[in-house]
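All values below come from the heavy atoms of this structure, side chains included, with hydrogens, waters and symmetry mates left out. Every value quoted in this text rests on a predicted model; they were computed, and no experiment measured them.
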Amino acid sequence: GLSSLWRLFRGKKWNVLRQRVDSCSYDLDQLRLLVVAVQGLIHLLVDLINSLPLYSLGLRLCRPYRLAAGVKFRVLRHEAGRPLRLLMQINPLPYSRVVHTYRLPSCGCHPKHSWGALCRKLFLGELIYPWRQRGDKQD
């Protein structure tokens, strides 16, 4: 994928029929749309990675008893006149509840309606700009 993007920005493309790299002239609007789409996907991927509870998932994988959903007791031995012997078992928290409980809220680097606005601008033929974070300085 990275090699095809590198060829794209150099103005080349892979010709499937001839099995070689050919020159290709892309329109500025096509390149701008590609840059906006790649930038949006990178924003979504970074937001997903930042909001996932990776430490909690690793803890659940390696030591499931550390994140308990509860405990259950089972009677081992019940004899008259002797103390009751119980076995305590820890119920580990399921992975879905680990993600739901420990997931961080997303950073909101771009507006939530940006994908809808992007599609609307594409269909209406309006000018499309890459997403900018609020803290970015403009010249």
Side-chain angles (χ1 to χ4, degrees):
L2 291 176
S3 64
S4 65
L5 279 175
W6 175 247
R7 281 194 303 267
L8 172 76
F9 284 111
R10 291 186 307 149
K12 309 282 185 189
K13 72 174 183 176
W14 179 254
N15 189 341
V16 181
L17 297 175
R18 295 184 178 165
Q19 297 294 314
R20 67 179 187 194
V21 176
D22 290 339
S23 296
C24 182
S25 60
Y26 291 102
D27 192 9
L28 181 63
D29 292 335
Q30 291 173 330
L31 289 175
R32 188 190 311 154
L33 177 62
L34 181 69
V35 168
V36 169
V38 168
Q39 184 180 7
L41 290 175
I42 290 173
H43 272 289
L44 286 176
L45 182 66
V46 167
D47 195 30
L48 176 70
I49 290 172
N50 284 337
S51 66
L52 277 179
L54 296 176
Y55 176 75
S56 300
L57 288 171
L59 190 65
R60 168 61 176 91
L61 180 67
C62 297
R63 296 184 177 170
Y65 59 88
R66 298 293 295 261
L67 296 175
V71 294
K72 94 178 134 175
F73 293 97
R74 192 175 60 160
V75 177
L76 282 180
R77 187 178 294 165
H78 181 66
E79 296 176 4
R82 303 224 12 144
L84 183 64
R85 292 186 68 190
L86 298 174
L87 175 68
M88 182 177 79
Q89 293 178 333
I90 296 175
N91 294 335
L93 200 61
Y95 285 105
S96 60
R97 291 222 10 233
V98 169
V99 171
H100 179 72
T101 304
Y102 295 102
R103 184 174 178 148
L104 299 172
S106 61
C107 69
C109 294
H110 54 277
K112 295 190 179 201
H113 56 76
S114 61
W115 286 105
L118 176 66
C119 292
R120 183 182 55 81
K121 286 181 179 181
L122 280 175
F123 286 121
L124 295 178
E126 295 178 12
L127 192 58
I128 298 172
Y129 290 105
W131 284 294
R132 293 188 179 150
Q133 296 181 4
R134 292 180 185 156
D136 289 349
K137 294 181 180 180
Q138 296 182 5
D139 295 331

Is a side-chain donor or acceptor of Ser51 paired with a backbone partner of Leu48 at a separation under 3.5 angstrom? yes
Check whether Arg60 reaches the backbone of Leu93 with its side chain - one donor and one acceptor, N or O, closer than 3.5 Å.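 Here the side-chain-to-backbone pair exists.
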To the nearest 0.5 Å, what is the distance between NE2 (His43) and CG (Leu41)? 10.5 Å
Run the salt bridge (charged side-chain N to carboxylate O under 4.0 Å, His left out) test against Arg63 and tell me which residues pass, sequence neighbours left out.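 Expected list: none.
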Does [X] belong to the same Ile/Leu/Val/Met/Phe/Trp/Tyr cluster as [Y], with side-chain heavy atoms less than 4.5 Å apart forming each link?
{"X": "Tyr95", "Y": "Leu54", "value": "no"}
{"X": "Leu45", "Y": "Val38", "value": "no"}
{"X": "Leu61", "Y": "Leu67", "value": "yes"}
{"X": "Leu84", "Y": "Leu87", "value": "no"}
{"X": "Met88", "Y": "Tyr65", "value": "yes"}

Quick one: side chain to side chain donor-acceptor pair (under 3.5 Å) partners of Arg77, sequence neighbours excluded?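 For Arg77, no residue satisfies side chain to side chain donor-acceptor pair (under 3.5 Å) once neighbours in sequence are set aside.
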Beyond-backbone contact of Leu57 with Tyr102, side-chain heavy atoms, under 4.5 angstrom: no
Do Asn91 and Val71 have side-chain heavy atoms sitting under 4.5 Å apart?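 No. Closest side-chain heavy atoms not under 4.5 Å.
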Decide side chain to side chain contact (heavy atoms under 4.5 Å, CB included) for Val75 and Leu86; before the verdict, give the C-alpha distance in whole Å, the side-chain angles of both, and the deciding distance to 0.1 Å. CA-CA 5 Å; Val75 177; Leu86 298 174; 3.7 Å; yes
For the residue pair [X] and [Y], what are the closest heavy atoms and their distance?
{"X": "Pro92", "Y": "Pro64", "value": "CB-O, 3.7 Å"}
{"X": "Pro53", "Y": "Val99", "value": "CG-CA, 4.0 Å"}
{"X": "Arg97", "Y": "Ala69", "value": "NH1-CB, 4.4 Å"}

